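I have placed the structure first, in the form of structure tokens, so that the comments after it can refer back to it.
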Amino acid sequence: MIQENISLKKYNTFGIDVTARYFSPFKTIDELNELLEFNQPSNNQSPSILVLGGGSNLLFTTNFDGLVLKNEIPGIEKVNEDDDYVYIKAGAGVNWHNLVMHCINHDWAGVENLSLIPGNTGASPMQNIGAYGVEIKDVFYELEAYHLEEKKIATFNLKDCEFGYRESVFKRKFKNQFVVTTVTYRLHKKPVFNTTYGAIEQELQAMGIHQLSIGAISQAVINIRRSKLPDPAVIGNAGSFFKNPEIGVEEFETVKNNFPNVIGYKLPNGNVKLAAGWLIEQCGWKGYRKNDAGCHAKQALVLVNYGNAKGEEIFELSREIINSVNEKFGVLLEREVNIV
Ligand SMILES: Cc1cc2nc3c(=O)[nH]c(=O)nc-3n(C[C@H](O)[C@H](O)[C@H](O)COP(=O)(O)OP(=O)(O)OC[C@H]3O[C@@H](n4cnc5c(N)ncnc54)[C@H](O)[C@@H]3O)c2cc1C
């Protein structure tokens, strides 16, 4: 049933209190189809649509004057296997971390480094979620998505998704055209451990782990994330607000001449990836707060809502941060969070 003028505060991890003109969850494609038949009583036209998962990568800057469709398609199923892999198909409404735990409990390897990322499986390919040296593209097999105009399901394989760093075809040429309904992941039967990134090895040592397992890696990642990132249930946020910028090697040399401590990672394509958090911190934003909008005290990459911030205030803060980083370093930050 379609609800009217409801608050979206509990449906976005920033905790921004805006309203949706119309709102409805759906659990099946038939339900989705029915909802798409809905015309606004005022003008007999179909409203604009926003597909919502866990609301953990969104910043609402204004009330949404359309229909919010909350994707709650359930189900986790093993659909195939061969000597090396299992193929796990998940409904887009399945909570991502629950899927990770399900895989670990079944000894299916590949997603353990992605433990505790908020949100749902349906959004995992949208920005090719990644953490601790692993991205969705490393375990992705295919997805099914419903075309909003053509009203039919299309299947996308790895190549079709055009994954990049926090990017996919769904954020670019197919933006707002598809509703992801299921995602199939290809997971290893024999684990390939990936512990080189961040503080995983240190954390495993601190945990007293001698026999490596995907469960131990998952727990190490959970511990690190809990110590570093603000819990949205306590302080509203959407994780990293900005992407780590990629610049050319010459540009990097110029920055390095002026700021010898700059942190940069060489990429296979010859460019250099800078740590956006470091750049922001150098501009003095870490721990900054104006009214209820702020830049987190432990992690400058994360913008926060201390309670009653408006989306516009957080957006304005992000604009000021982008400008100051550009003035100081000549580097343009890009927002990772989707602005609505
Ligand atoms: C504390 C915290 C830590 C985080 N850490 C990480 C991290 O380590 N790595 C990382 O990559 N991200 C991270 N994120 C960001 C976020 O968790 C991911 O981007 C996640 O995939 C978003 O999922 P969601 O279901 O909440 O998407 P939503 O926020 O609901 O939606 C995000 C976008 O995808 C669209 N969308 C959602 N579902 C569908 C669907 N089924 N079909 C079509 N479009 C859809 C929405 O319209 C919107 O544009 C973090 C966020 C938080 C709050």
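Every heavy atom of this structure was used, including side-chain atoms; hydrogens, water molecules and symmetry mates were not. One-based numbering, in listed order, for ligands and for the atoms of each. Only a predicted model underlies this, so the values are computations on that prediction, with no experimental measurement involved.
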At what distance is the nearest protein heavy atom to [atom], and which residue and atom is it?
| atom | result |
| --- | --- |
| atom 33 (C) of ligand 1 | N338 ND2, 3.5 Å |
| atom 29 (O) of ligand 1 | N57 N, 2.8 Å |
| atom 50 (C) of ligand 1 | P118 CD, 3.7 Å |
| atom 39 (C) of ligand 1 | V51 CG1, 3.8 Å |
| atom 42 (N) of ligand 1 | V180 N, 2.8 Å |
| atom 48 (C) of ligand 1 | L58 CD2, 3.6 Å |
| atom 9 (N) of ligand 1 | G130 O, 2.7 Å |
| atom 16 (C) of ligand 1 | S56 OG, 3.3 Å |

For this session: Drop me the distance from I280's CD1 to I322's CD1, to the nearest 0.5 angstrom.
Result: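 Those atoms lie 8.5 Å apart.
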Exercise. What's the spacing between I76 CD1 and T182 OG1 if we round to 0.5 Å?
Worked result: 12.5 Å
Taking 4.0 angstrom as the limit and counting only heavy atoms of [X], give me the atoms of ligand 1 inside it, by number and element.
| X | answer |
| --- | --- |
| G55 | 24 (P), 26 (O), 28 (P), 29 (O), 30 (O) |
| R166 | 11 (O) |
| A131 | 8 (O) |
| N120 | 23 (O), 24 (P), 25 (O) |
| M126 | 34 (O), 43 (C), 44 (N), 45 (C) |

Exercise. Where does the angle between the aromatic ring planes of F329 and F259 fall among parallel (under 30°), tilted (30 to 60°) and perpendicular (over 60°)?
Worked result: tilted
Exercise. H106 vs W108 aromatic rings, parallel, tilted or perpendicular, using cut-offs 30° and 60°?
Worked result: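 The arrangement is parallel - the two ring planes meet at less than 30°.
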Between the candidates [options], which shows the shortest non-hydrogen contact distance to [atom]?
| atom | options | value |
| --- | --- | --- |
| atom 12 (N) of ligand 1 | K228, Q299, Q127 | Q127 |
| atom 1 (C) of ligand 1 | L229, N237, V337 | N237 |
| atom 30 (O) of ligand 1 | A145, S124, G53, A123 | G53 |
| atom 18 (C) of ligand 1 | V179, L50, L59, I129 | I129 |
| atom 25 (O) of ligand 1 | A238, G54, P125 | G54 |

Exercise. So among Y87, F156, Y85, which one has a ring-ring contact (aromatic ring centres under 6.0 Å, His included) with Y141?
Worked result: Y87
For this session: Can you establish whether the number of heavy atoms outside Y265 located under 6.0 Å from its atom OH is more than 12?
Result: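 It does not: Y265 OH has 12 such atoms or fewer within range.
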For this session: Inspect the surroundings of CD in E4 and state if more than 12 heavy atoms from other residues, nucleotides or ligands are less than 6.0 Å away.
Result: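 Yes.
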Problem set entry | Close approach, K171 and ligand 1, non-hydrogen under 4.0 angstrom |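 No; K171 lies far enough from ligand 1 that no heavy-atom distance drops under 4.0 Å.
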For this session: Check if R225 has a non-hydrogen atom at a distance under 4.0 Å from any atom of ligand 1.
Result: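 In this structure, R225 qualifies as a contact of ligand 1 - some heavy atom is under 4.0 Å.
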Problem set entry | Heteroatom proximity flag, G119 to ligand 1, N/O under 3.5 Å | no
For this session: Using distance alone, decide if ligand 1 has a nitrogen or oxygen within less than 3.5 Å of any nitrogen or oxygen in N71.
Result: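 Such a contact does occur with ligand 1.
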For this session: Would you mind telling me which of N291, T61, N308 makes a side-chain hydrogen bond (donor to acceptor under 3.5 Å, both in side chains) with E313?
Result: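 It is N291, the one option of N291, T61, N308 that forms the side-chain hydrogen bond (donor to acceptor under 3.5 Å, both in side chains) with E313.
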Exercise. Regarding N261 and Q282, is there a side-chain donor-to-acceptor distance under 3.5 Å anywhere?
Worked result: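 Note: N261 and Q282 side chains miss the donor-acceptor criterion.
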For this session: Walk me through it: do Y185 and W96 pass the test ring pair (Phe, Tyr, Trp, His ring centres under 6.0 Å)?
Result: CA-CA 12 Å; Y185 305 93; W96 171 256; 5.6 Å; yes
